[in-house]
Every structure is written in C-alpha cells, then in structure tokens.
Amino acid sequence: MSKVILLNASPRKNSNTKMVLEECAKEIEKEGVEAEIITLRGKKIQSCIACDKCMEKGNCVLPDGLDEIIDKLREADGFIPAAPVYFGTARGDIMAALQRIGRVSRHGDKFLDWMVGGPIAVARRGGVTLTLQEMSMFFTINNMIIAGSNYWNMVIAGAEGTALEDEEGIETIRLFGRNVAQLIKKVRD
C-alpha cells in the first residue's frame, strides 16, 4: 500500500499544525493511501555540517533522530512537511531537517525522486507565503512532484486549538490531501 509521511514541525503537543495534519491525513486515508504523522517535537534537529558522510553511509551521521524519519521516507510515496510560522518564516528545525533529508537523498539512493507532496504553513498572521516558498524549494531541487489545491496550503490560526476555525484553509488542506493521494495512485500505476 502506498504511504505518505506527514512531518509536524510544531514544538507544541496539541498544536494547530498537528490539527491541520490530522485533517490532511484523514483525506489521504479516505483515498486508500496510508498516512503517518511524525513529529519533530522533543527532537533537537541540528543543521547540516556538510561532512559528506551521507555519501559513504547512506544516512546522516548526526545523532538527533532524523535518520529514523529518513528511513520512513525511503519506504514512502509521499511527503508533507508542515511548519508553524515563527517570525515570518518556517521554524529553523524544519528547514534543517529538510536540508539534511535532501542531502542524504541526493548523495545516495535518491529516495525522494518522484515522491509526491508539498508543504503546509500555519500562522497567526503573516509569513505564510514566504514559508511555503521556502519549503517548496526542497521539493523542486529533489526532483519531487508538488500536488496543488484550490489555494495555497495555509491555515490561519492564533491560539492553540483554533486551526479548524479557518474553514477555507482547512478545506484547502483537505483537497490538497486528496490530490496528493490521487496523484500518488496515478504515478504508481
């Protein structure tokens, strides 16, 4: 069965980002594709140190838990990273994770090639389009396929637990989830 990994970059236990990913995952699973949400919460993701050990080892040597996520991505057909917007852009740990995941793939078995997905941004006010642009670059440089929706993959939410109040944003995410699943099925046929 095809599978999508959804990566939650929020440090909060019951975050808006988590709520958004849960809605997205439900739609993916309705389409007959497995969805697994993984969190960076509690991990101290380091930036790439350009040691090039991934070229030799096939994985990253930094011992912060990112290799377990990389191994899950190797078995997946889709990838959706989601970030809360802090100070107008994506949190640093998600960008560090994406850079290292991409480097391992590009210097090794190219497990990201033709993987379907796209980023999601969750914010109180501003920075959502910049965050989406920043995270989208990961997809294009890694030979991946970005699925669309009827608007940008963003949800506006302030206090923790308010994400579902942005009905338009949630509907955009639901359609995006369905599109990711449908595109995976078309690509894998």
Side-chain angles (χ1 to χ4, degrees), residues 3-31 33-45 47 65-66 69 72-73 76 78-102 115-140 142 144-181 183:
K3 184 175 188 174
V4 177
I5 298 296
L6 299 96
L7 185 59
N8 177 7
S10 177
R12 296 179 177 173
K13 185 175 183 179
N14 296 306
S15 69
N16 287 315
T17 306
K18 178 183 173 192
M19 290 175 71
V20 171
L21 284 177
E22 287 169 346
E23 289 299 312
C24 188
K26 285 179 199 173
E27 297 301 317
I28 291 167
E29 290 180 339
K30 283 180 189 175
E31 295 293 327
V33 175
E34 186 180 348
E36 180 181 357
I37 299 173
I38 300 171
T39 185
L40 293 181
R41 186 174 164 268
K43 292 181 175 18
K44 302 224 183 289
I45 302 298
S47 290
L66 191 62
I69 296 169
K72 287 183 181 249
L73 282 169
F79 182 40
I80 300 172
V85 177
Y86 286 12
F87 293 96
T89 189
R91 285 179 40 87
D93 58 353
I94 186 67
M95 293 313 300
L98 293 179
Q99 290 162 5
R100 285 173 51 206
I101 291 165
M115 192 176 286
V116 177
I120 295 173
V122 181
R124 182 181 67 83
R125 288 180 65 107
V128 283
T129 55
L130 179 59
T131 297
L132 290 172
Q133 291 166 351
E134 180 181 28
M135 293 173 66
S136 291
M137 292 178 74
F138 164 82
F139 286 84
T140 57
N142 285 296
M144 300 170 78
I145 302 166
I146 299 175
S149 188
N150 58 354
Y151 199 72
W152 295 296
N153 299 334
M154 63 174 75
V155 172
I156 305 302
E160 195 170 358
T162 61
L164 298 181
E165 293 173 17
D166 179 5
E167 293 177 20
E168 181 184 1
I170 292 298
E171 284 306 315
T172 298
I173 298 304
R174 288 176 178 148
L175 177 58
F176 169 66
R178 289 191 301 272
N179 288 345
V180 166
L183 191 51

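Along the sequence shown, the residues carry numbers beginning at 1.
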**Item:** Leu7 vs Leu73, side-chain contact (heavy atoms from CB on, under 4.5 Å): CA-CA, chis, key distance, verdict
**Value:** CA-CA 10 Å; Leu7 185 59; Leu73 282 169; over 6 Å; no
**Message:** Donor-acceptor check, side chain of Ser149 to backbone of Thr172, threshold 3.5 angstrom: yes or no?
**Reply:** yes
**Request:** Over all heavy atoms of both residues, which pair between Thr162 and Met19 is shortest? Give the atoms and the distance, please.
**Result:** N-SD, 4.4 Å
**Message:** Quick one, Ser15 and Arg41 - any side-chain contact, counting heavy atoms below 4.5 Å?
**Reply:** no
**Prompt:** Can you name the closest pair of heavy atoms from Gly126 and Val85 and give their distance?
**Reply:** O-CG1, 3.4 Å
**Fill in**
So CG of Leu130 and OG1 of Thr89: to nearest 0.5 Å the spacing works out to 4.5 Å
**Request:** Determine, for Lys26 against Glu29, whether the closest basic-nitrogen to carboxylate-oxygen distance falls under 4.0 angstrom.
**Result:** no
**Which atom of Pro119 lies closest to which atom of Leu132, heavy atoms considered** = O-CD2, 3.6 Å
**Prompt:** Does the side chain of Ile69 reach to within under 4.5 Å of the side chain of Lys72, using non-hydrogen atoms?
**Reply:** no
**Asked** How far apart are the closest heavy atoms of Val180 and Gly117, and which atoms are they?
**Response** CG2-CA, 4.1 Å
**Prompt:** Under 3.5 Å, is there a donor-acceptor pair between the side chain of Arg91 and the main chain of Ala9?
**Reply:** yes
**Request:** Of all the heavy-atom pairs spanning Ile145 and Leu183, show the shortest one and how long it is.
**Result:** CG2-CD2, 3.5 Å
**Request:** With the side chain counted from C-beta on, respond yes when Met154 and Asp166 share a heavy-atom pair under 4.5 Å apart, and no when they do not.
**Result:** no
**Gap between atom CD1 of Ile146 and atom CE of Met135 - 0.5 Å precision** = 10.5 Å
**Item:** Pairwise distance CD1(Ile5) to CE(Met115) - rounded to 0.5 angstrom
**Value:** 8.5 Å
**Reported CD1-to-CG distance for the pair Ile80 and Asn153, which is rounded to 0.5 angstrom** = 8.0 Å
**Request:** Step by step, work out the side-chain contact (heavy atoms from CB on, under 4.5 Å) result for Asn14 and Glu160.
**Result:** CA-CA 7 Å; Asn14 296 306; Glu160 195 170 358; 3.7 Å; yes
**Shortest non-hydrogen contact between Ile173 and Cys24, atoms and distance** = CG2-CB, 3.6 Å
**Asked** Given Trp152 and Thr131, is the side-chain contact (heavy atoms from CB on, under 4.5 Å) satisfied, shown in steps?
**Response** CA-CA 11 Å; Trp152 295 296; Thr131 297; over 6 Å; no
**Item:** Distance in Å, Glu165 CD paired with Asn16 CG, rounded so as to fall on 0.5 Å steps
**Value:** 8.5 Å
**Message:** Could you check whether atom CZ of Arg178 has more than 12 heavy atoms from other residues, nucleotides or ligands sitting under 6.0 Å from it?
**Reply:** yes
**Request:** Show your reasoning for whether side-chain contact (heavy atoms from CB on, under 4.5 Å) applies to Met144 and Phe138.
**Result:** CA-CA 9 Å; Met144 300 170 78; Phe138 164 82; 3.7 Å; yes
**Asked** Can you tell me how far CZ of Arg12 sits from NZ of Lys18, rounded to the nearest 0.5 angstrom?
**Response** 13.5 Å
